[in-house]
Amino acid sequence: MKSTIETLISAALAALPPDLLGAEARATRPEVERTRDASHGDYASNVAMRHAKAARQNPRALAEAIVHALPADPSIARVEIAGPGFINFHLTAAAYHGELGAIIDRGAGYGVQPAGSGEKVLLEFVSANPTGPLHVGHGRHAAYGAALANLLTAAGHSVHREYYINDAGRQVDILAVSVWLRYLERLGEDVPFPSNGYKGEYLLPIAASLEAEASHKLRHSAAAIRTGLPPDEPEGGDKEQYVDAIINRSRELLGEDGFRRIVDHALGGMVADIRSDLAEMGVTFDRWFSERSLSTNGAIDEALRRLEQSGHTYRKDGALWFRATEFGDDEDRVVERENGVRTYFASDIAYHLDKRLRGFDRLIDVLGADHHGYVARVRGGLAAMGEPPDSLEVPLLQLVSLYRGGEKVAMGKREGNFVTLRQLRHEVGNDACRFYFVMRSHDQHLDFDLELAKSRTTDNPVFYIQYAHARVASVLRQLSERGLEHDVVRGRASLEHLTEPHERRLMVAMTRYPEVLALAAATRAPHTLVNYLRELANEVHSAYAAGNENAAHRVIVDDETLRDARLALFQAARQVIRNGLAILGVSAPDTM
RNA sequence: GCGCCCGUAGCUCAGUUGGAUAGAGCACCGACCUUCUAAGUCGGUGGUCGCAGGUUCGAAUCCUGCCGGGCGCGCCA
């Protein structure tokens with residue numbers, strides 16, 4: 001509907017004499033938006049005000065000329081000039097009826113742009129370290145990323161979802177040692193657990209499966225492990241030195257192959273846990289990308305080669321530095337240490353180069369707000385390697401706080417009472433989880449109230465929207481219980497019977513859906529869709545409740561044509577709610 | 001100190017990339033059940049859009065400077 005207006009205005013602009021309007025003004029796409037106030041019609045455009053200055057015209061006079069040049073169209077009832085020079089379009093009822101028909105025809109595809117009409121997008125999200133279970137904060141990333149992927153797909157982009165597994169570096173060695181020590185514990189070997197190890201119970205089943213798989217083959221005596229180790233922190237030593245010493249000892253005793261076997265087992269266990277956690281939440285990925293693979297397949301070599309060739313590196317103190325300051329970073333960054341080991345940053349730029357080389361136009365990394373410092377750096381890396389830095393886009397998600405009925409839930413790994421994503425999902429359910437995590441703008445700190453998320457009242461927006469869907473389903477059940485049927489063809493042919501103001505408002509609300517979808521995708525803002533669905537649900541409830549005030553306004557009335565028309569209206573509304581909830585990853589139940 | 005984000009009703013937040021008289025939900029006051037699910041609907045009270053300048057036909061929105069809050073500034077990952 002919006003594009004119809006845009007086309008009409010463009011045609012009008014093209015028809016104006018050149019001395020009245022320059023070529024530039026003709027070429028720009030006219031801005032058209034829904035009106036806030038119904039008295040201003042359905043759509044409004046500010047083109048006249050936009051171009052008044054360049055055209056040396058009074059905005060209202062220019063608007064006059066534009067309106068005069070507008071081609072006739074059956075969807076336009078009348079056009080008015082208002083205020084400082086707005087052009088207001090009042091649509092005909094037929095225009096809405098046509099759109100309502102489109103909703104019924106296209107069903108789940110309503111509002112969706114043709115696949116492949118947009119960009120090739122690589123969307124990376126969650127990418128939590130595989131050293132512990134996902135917690136509540138990761139839940140926001142999962143819900144946001146999954147909803148954004150759906151939004152972008154609906155907007156016609158081709159979206160590839162990726163999880164970057166940090167399976168390289170010291171943390172992985174610590175993970176492996178932690179699992180090994182739990183394994184040895186099971187076999188009765190008494191080795192004190194490093195204070196810097198991963199102490200969580202989630203490693204116990206992984207240690208158990210290691211025992212089941214390897215039996216005693218990876219066993220070494222406690223004495224052999226402990227002999228000659230420096231003191232751990234509780235004994236007055238340094239916990240970092242201690243854990244490094246025990247990693248080295250493990251390598252000596254197990255050999256590189258044995259140690260690698262434990263690393264792989266531990267990582268495999270953790271990644272499997274994370275993957276199933278996300279899958280239960282309805283969040284899946286097209287690829288789980290291994291950081292380690294970047295060093296084994298030469299991707300890092302290639303990235304560093306590009307940096308050096310383009311002259312953006314130098315040697316200092318034996319290390320290889322990237323001139324990040326040339327690309328707006330605060331300081332230069334080391335990419336290869338004196339000992340030849342590449343830094344995490346080197347993997348990062350290699351990973352992003354790899355994404356580009358795989359042919360993606362747009363790289364979107366969903367990151368926590370605490371990673372913002374990293375954005376300029378990676379962009380700089382891309383630029384230095386000859387890739388467009390703007391191809392990388394990074395929505396930064398703010399923190400999540402949990403509340404239980406107004407009381408803030410203390411969270412912190414130190415207190416040992418941090419809430420896992422699994423616990424949260426089991427307590428409030430997947431629907432509330434998915435919904436609440438995307439309810440607020442991503443750059444807004446999120447307060448997640450557990451009690452509210454569980455409540456089955458109108459304060460709870462997820463129930464409010466689902467209830468609107470269920471109510472329509474209930475009407476359809478009533479219909480068949482009364483032995484009646486919905487004649488779809490007659491309904492579609494009788495839409496002109498929908499003359500009540502609340503029916504009109506409902507049609508207006510549901511036909512906004514494609515515009516909201518496009519906006520939400522373009523601004524990477526699923527919460528826009530959430531707010532819209534709440535408004536649409538309100539119109540559904542309102543139209544439904546009109547039947548309580550006055551039985552003549554019910555859907556199921558004796559007049560068959562009117563009944564079928566109203567059934568078409570409510571069916572369409574239900575379809576749009578269902579489509580919107582699907583994007584968010586929330587179910588649309590028929591009964592509640 | 002530098003960088004990023006935020007500041008809108010008593011509370012939690014929207015605000016269609018600069019539009020017309022700034023909106024929801026909660027809370028508070030009131031109206032509507034012989035009901036297609038009242039798990040709902042409708043109305044009312046409530047604002048110096050942090051402050052001060054600037055840009056222009058027009059600013060909550062863009063720019064500058066302050067004030068307040070959050071986060072980040074490793075040859076860790």
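Keep in mind that the numbers below use all heavy atoms, side chains included, and drop hydrogens, waters and symmetry copies.
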Say you pick atom [atom1] in [N] and the same atom in [M]; how far apart are they, in whole Å?
N     : M     : atom1 : value
B:C42 : B:C33 : P     : 16 Å
B:G69 : B:G30 : P     : 40 Å
B:U17 : B:C13 : P     : 24 Å
B:C62 : B:G18 : C1'   : 8 Å
B:A39 : B:G46 : C1'   : 27 Å
B:A31 : B:U37 : P     : 26 Å
B:C63 : B:A14 : C1'   : 25 Å
B:G72 : B:C57 : C1'   : 42 Å

> Should A:Glu331 and A:Arg377 be marked as a salt bridge (charged side-chain N to carboxylate O under 4.0 Å, His left out) after you check the CA-CA gap, both sets of side-chain angles, and the distance that decides it?
Replying inline: CA-CA 9 Å; A:Glu331 45 191 308; A:Arg377 227 171 298 165; over 6 Å; no
Assign [X] to base, sugar-phosphate, or nothing according to its heavy-atom contacts below 4.0 angstrom with the strands shown.
X        : answer
A:Thr591 : base
A:Phe463 : nothing
A:Phe345 : nothing
A:Ser542 : sugar-phosphate
A:Gly547 : base
A:Ala470 : base
A:Asn339 : nothing

Length of the line joining [X]:[atom1] and [N]:[atom2], which is rounded to integer Å:
X        : N     : atom1 : atom2 : result
A:Glu451 : B:U12 : CD    : C1'   : 17 Å
A:Lys53  : B:G58 : NZ    : C1'   : 12 Å
A:Glu291 : B:C76 : CD    : C1'   : 12 Å
A:Leu533 : B:A24 : CG    : P     : 18 Å
A:Arg379 : B:G3  : CZ    : C1'   : 14 Å
A:Asp370 : B:G74 : CG    : C1'   : 15 Å
A:Asp449 : B:U12 : CG    : P     : 12 Å
A:Arg56  : B:C57 : CZ    : P     : 13 Å

>> Using a strict heavy-atom distance below 4.0 Å, which residues from residues 501-518 of chain A are in contact with RNA chain B?
In response: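 Heavy-atom cutoff 4.0 Å gives no residues at all.
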>> Within 90° of 0 counts as syn, otherwise anti: where does B:C6 fall?
In response: anti
>> Walk me through whether A:Val530 and A:Arg440 qualify under side-chain contact (heavy atoms from CB on, under 4.5 Å).
In response: CA-CA 9 Å; A:Val530 170; A:Arg440 302 298 182 208; over 6 Å; no
>> Each nucleotide in nucleotides 13-21 of chain B should get exactly one letter: B, S or -. Can you fill that in based on protein heavy atoms under 4.0 Å?
In response: SSSBB-BB-
> Between A:Asp244 and A:Arg170, is a salt bridge (charged side-chain N to carboxylate O under 4.0 Å, His left out) present by the stated rule, with each step listed?
Replying inline: CA-CA 9 Å; A:Asp244 281 338; A:Arg170 195 172 79 113; 2.8 Å; yes
> A:Arg60 side chain to A:Gly83 main-chain N or O, any donor-acceptor pair under 3.5 Å?
Replying inline: yes
>> With a 3.5 Å distance limit and no angle check, can you tell me whether A:Asn550 reaches the backbone of A:Ala552 through a side-chain donor-acceptor pair?
In response: yes
>> Dot-bracket for RNA chain B, please. Rules: Watson-Crick or G-U, both distances under 3.5 Å, ( ) within the strand, [ ] when a pair crosses earlier ones, | for another strand, . otherwise.
In response: (((((((..((((.....[...)))).(((((.......))))).....(((((..]....))))))))))))....
> For A:Asp558, does the CG atom sit with more than 12 other heavy atoms under 6.0 Å from it, leaving out its own atoms?
Replying inline: no
>> Can you confirm whether more than 12 heavy atoms, excluding those of A:Glu485, are under 6.0 Å from its CD atom?
In response: no
>> Is any side-chain heavy atom of A:Ile247 closer than 4.5 Å to one of A:Phe259?
In response: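 Side-chain contact under 4.5 Å: yes.
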> Do A:Tyr314 and A:Phe322 pass the ring pair (Phe, Tyr, Trp, His ring centres under 6.0 Å) test, and can you show the C-alpha distance, the side-chain angles, and the key distance before you say yes or no?
Replying inline: CA-CA 7 Å; A:Tyr314 60 92; A:Phe322 165 54; 9.6 Å; no
Measure from the side-chain heavy atoms of [X] and tell me the nearest of [options].
X        : options             : value
A:Glu331 : B:U37, B:G74, B:A77 : B:G74
A:Gln398 : B:C5, B:G72, B:A77  : B:C5
A:Met592 : B:C71, B:C75, B:U37 : B:U37

> Are OP1 or OP2 of B:C76 and a side-chain N or O of A:Arg337 less than 4.0 angstrom apart?
Replying inline: yes
> Does B:U41 have OP1 or OP2 sitting under 4.0 Å from an N or O in the side chain of A:Asn538?
Replying inline: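 Answer yes for this pair, as a side-chain N or O of A:Asn538 is under 4.0 Å from OP1 or OP2.
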> Can we call the ring centroids of A:Tyr403 and A:Phe448 under 6.0 Å apart?
Replying inline: no
> Would you call the rings of A:Trp288 and A:Tyr163 parallel, tilted or perpendicular if under 30° counts as parallel and over 60° as perpendicular?
Replying inline: parallel
> Hey, which of these two, A:Tyr467 or A:His372, hits RNA chain B nearer its 5' end, going by closest nucleotide?
Replying inline: A:His372
>> Both A:Leu396 and A:Leu399 contact RNA chain B. Which one's nearest nucleotide lies toward the 5' end?
In response: A:Leu396
> What heavy-atom pair brings A:Val508 and A:Asp42 nearest, and what distance separates the two atoms?
Replying inline: CG2-OD1, 4.4 Å
>> Please evaluate residues A:His90 and A:His40 with respect to the criterion ring pair (Phe, Tyr, Trp, His ring centres under 6.0 Å), reporting the C-alpha separation (whole Å), side-chain torsions for both, the decisive distance (0.1 Å), and the verdict.
In response: CA-CA 8 Å; A:His90 296 254; A:His40 295 144; 9.0 Å; no
> side-chain contact (heavy atoms from CB on, under 4.5 Å) between A:Val172 and A:Thr131: does it pass, once the steps are laid out?
Replying inline: CA-CA 7 Å; A:Val172 172; A:Thr131 53; 5.6 Å; no
